[in-house]
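Just below is one structure, and these are the notes that go with it.
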Amino acid sequence: MRSFSKTLLLFSAAIFIVWLQGCKPKGTQSAVSGDAAGKVYVAPGKYDEFYSFVSGGFSGQMSVYGIPSGRLLRVIPVFSVDPEKGYGYSEESKPMLNTSHGFVPWDDLHHIALSETDGIQDGRWVFGNGNNTPRIARIDLKTFRTAEIIEIPNSGGNHSSPFITENSEYVVAGTRFSIPMDNSNGDVPINTYKSNFKGTVSFISVDKTTGNMNIAFQILMPGVNFDLARAGKGKSHGWMFFSCYNSERANTLLEVNASQKDKDFIIAVNWKKAEEYLKAGKGRKESVKYAHNTYNEKTHSATSVIEKEVTVLDSKELADMVYMMPCPKSPHGCDTDPTGEYIVGSGKLAAIIPVFSFTKMQQAIANKTFDGEYEGIPVLKYDAVLHGEVQKPGLGPLHTEFDDKGFAYTSFFVSSEIVKWNVKTLEVVDRVKTYYSIGHLSVPGGPTKKPWGKYVIAYNKITKDRYLPTGPELAQSAQLYSIEGDKMKLLLDFPTIGEPHYAEAIPAELIMKNSQKIYKIEENQNPFAALGDKFARVERKGNEVHVYMTSIRSHFTPDNIEGVKMGDVVYFHVTNLEQDWDVPHGFAVKGANNAELLIMPGETQTLAWRPERVGVFPFYCTDFCSALHQEMQGYIRVSPAGSNVLISFGTGKTDSTTVAAK
Ligand code: K7E
Ligand code: CUA
């Protein structure tokens, strides 16, 4: 009886949905079943089950969402300046964006890699790539702040990056554009591509304790375009797999000229072998130039060092290190399953999905089952390394993630769907529509040895009618599906920031327990810190005026400053004396050609200001910090050059307002 009325209810709900769709603009579909809301509802005051780290694409940042609610928790500034947090504006953070090209305040962040121990996400760090000016960033998940950025030399467009090995031994980066190498004469005709342009893949080591990155070695590769990659795991640990396109090595109109051959390659790199060659001194030291920037948690300051050398191993000269597996056609995603046995290549223009077998690949290498070579690198016979092909999966496969039950989920851009298939039998078992034109997809833990499963999230490229219109540009659209049952179920749409490509989700408990609440004031080693109101002062050094300022609810010390003259550079070194969680103070001054500072409890940050006119300039706290936040303000007086107004400063002095400096 109960089930009958339930069926009736579902039936009438279905009619209602059909009726609803009829009223919607063409193309808009909901297809959500009745219990979806309950599945994504996280009650006020409750936490989400997963953090999802989402790349910001052309925003250059990373954003953090709670899953299943789809609530935006934070935007982490990485490669782009962020005035909200003073990132790239404060003197302390500017060096983070230094490169061999100078200060580059923007990038294009596509891929996320969470650190792993034994192939399982460990919640320590998250890495992201800068696609434009080749860089990799490491974000510390204690603070959700960018801790390190390393530039990649011999690279043009760091797309195939960062992909991480199962114990975070390396994050790996393949160049999207092949280019003349940095130490060669770069001034060559572009149509000499085939002779002068080369590719590289870089192995950046990650220190087990500190996370610090270093370029361990680069492998010189044929001049193709590297697209994506995945590390082997389990039995294939020690190998890295890269997809590449443009095996035609075209340098113009790639749309046509790089789509000639019906197969490109998955390139398999034996990095354990590369390590042996490196140890045996087979690497070539090459002079290059790249920036290596680190943020020091004690001084709250970044430093940038220009490094001058990199070790290169040549794939042509060193045997048994690199092999090519033919892969139809212009592969994009290259993904390894949780066991490490299967390697999935997703050819954007292919009608099938090829799945390669690591065991067969090992046999083919042992038996030298080659199909000639490509630029000096052995090409393995397609049939010899193939586990099988997924037949009629959909149109335009891009990326594949895995669950904990032996299933793969592949995104299809052209046919706008996620297709679920059995990794062993290659049978398609389910498909759902995405709205619209999905790019990457993400299963929590999906790229690791231990997928957490439960959901798959679609990151769609086209939004059209999913949200209220907001002029010519619409919010990017992500969609959450349940994968707990046999059939995938759409639960939620949520808007995202920038243009997300990849994202990785991880159980919240692996991160939240380590989350830092404040910076301890007694550990503050910023050379410009004022560790108490009594240390607040203003000092002139030639035409530099250094204001050592403190902030605490609800005043600045000093809040009246005089004696600045035209031609001076004023450095406001603001120390936030608070030691409570979630009490940042902001700092902004009228007319500054700069952003605000947002200073965390116990931290010191510096704003440089070059006054361009005489007058009295207000400054104030930008972050609503107490009932008297609006009172948290002050004045700085700027006199003409050559004026005889002495430096003086104070807070709460009502007679002459200020105290003259010695
Ligand atoms: Cu958008 Cu990984 Cu750059 Cu595919 S990539 S979608
Ligand atoms: Cu401090 Cu508002």
Side-chain angles (χ1 to χ4, degrees), residues 54-60 107-113 128-132 134 157-163 173-177 225-230 242-245 330-335 344-348 396-401 410-414 416 418 434 436-442 446-447 457-462 476-478 496 498-504 549-557 559 574-578 580 582-588 596-601 603 605 619-634:
V54 182
S55 81
F58 46 67
S59 84
D107 218 304
D108 183 14
L109 196 166
H110 282 221
H111 303 123
I112 303 287
N129 65 321
N131 197 14
N132 177 57
N158 177 38
H159 190 266
S160 183
S161 164
F163 294 95
T175 184
R176 169 185 174 177
F177 298 95
N225 293 46
F226 289 85
D227 207 4
L228 286 141
R230 279 294 180 199
F242 296 89
S243 59
C244 72
Y245 59 103
S330 304
H332 187 55
C334 167
D335 296 285
V344 180
S346 301
K348 302 186 288 276
L398 291 184
H399 299 281
T400 301
E401 293 259 301
T410 301
S411 58
F412 288 83
F413 177 83
V414 177
S416 264
I418 298 175
T434 59
Y436 300 93
S437 300
I438 180 176
H440 274 272
L441 75 182
S442 161
I457 306 161
Y459 291 93
N460 301 311
K461 296 299 180 195
I462 294 167
Q476 304 282 337
S477 134
T496 51
E499 187 198 40
H501 293 259
Y502 189 46
E504 254 196 71
M549 184 181 275
T550 61
S551 63
I552 195 157
R553 283 163 288 182
S554 297
H555 61 273
F556 293 108
T557 308
D559 68 2
V574 187
T575 301
N576 181 352
L577 298 178
E578 305 283 354
D580 278 345
D582 199 23
V583 193
H585 291 290
F587 179 83
E596 66 160 357
L597 297 174
L598 192 64
I599 313 125
M600 299 304 123
E603 187 186 40
Q605 291 286 289
F619 56 81
Y620 73 102
C621 171
T622 51
D623 187 325
F624 205 107
C625 50
S626 74
L628 296 174
H629 152 78
Q630 201 68 356
E631 280 72 10
M632 197 164 174
Q633 63 170 58

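For ligands, and for the atoms within them, numbers begin at 1 and follow the listed sequence.
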Restricting to heavy atoms, the pick from K348, E499, H332, K461 nearest atom 5 (S) of ligand 1 would be H332

Residue H110 atom name (nearest to atom 3 (Cu) of ligand 1; N/O/S): ND1

Within the 3.5 Å criterion, strictly below it, is a donor on T575 or T550 matched to an acceptor on the partner's side chain? no

Any N/O/S atom from H440 (main chain or side chain) under 2.8 Å of atom 3 (Cu) of ligand 1? no

Within the stated cut-off of 2.8 Å, is an N/O/S atom of H111 closer than that to atom 3 (Cu) of ligand 1? no

May I ask you to check whether over 12 heavy atoms, not counting those of Y620, lie within 6.0 Å of atom OH? no

I'd like to know whether CD of Q630 has more than 12 heavy-atom contacts from other residues, nucleotides or ligands below 6.0 angstrom. no

What is the nearest protein non-hydrogen atom to atom 1 (Cu) of ligand 1, stated with its residue, atom name and distance? H501 ND1, 2.1 Å

With heavy atoms of G439 as the reference, note each atom of ligand 1 found under 4.0 Å away. 6 (S)

Atoms in ligand 1 with a heavy atom of L228 nearer than 4.0 Å: 2 (Cu)

Name of whichever N/O/S atom of D623 is nearest to atom 2 (Cu) of ligand 2: O

Region of N131 engaging ligand 1 - heavy atom pairs below 4.0 Å: neither

Ranked by distance from atom 6 (S) of ligand 1, the top protein heavy atom is H399 NE2, 3.5 Å

Can you say whether the rings of F556 and F619 are parallel (under 30°), tilted (30 to 60°) or perpendicular (over 60°)? perpendicular

Classify the angle between the aromatic ring planes of Y502 and H440 as parallel (below 30°), tilted (30 to 60°) or perpendicular (above 60°). tilted

Is H585 close enough to atom 2 (Cu) of ligand 2 that one of its N, O or S atoms comes in under 2.8 Å? no

Should the ring pair F242 and F226 be called parallel, tilted or perpendicular, given that the plane angle runs from 0 to 90° and is split at 30 and 60? perpendicular

Keeping the roles fixed (side chain from H111, backbone from H159), state whether a donor-acceptor pair exists under 3.5 Å. yes

Can the ring centres of F624 and H629 be said to be less than 6.0 Å apart? yes

Atom of H629 closest to atom 2 (Cu) of ligand 2, considering N, O or S atoms: ND1

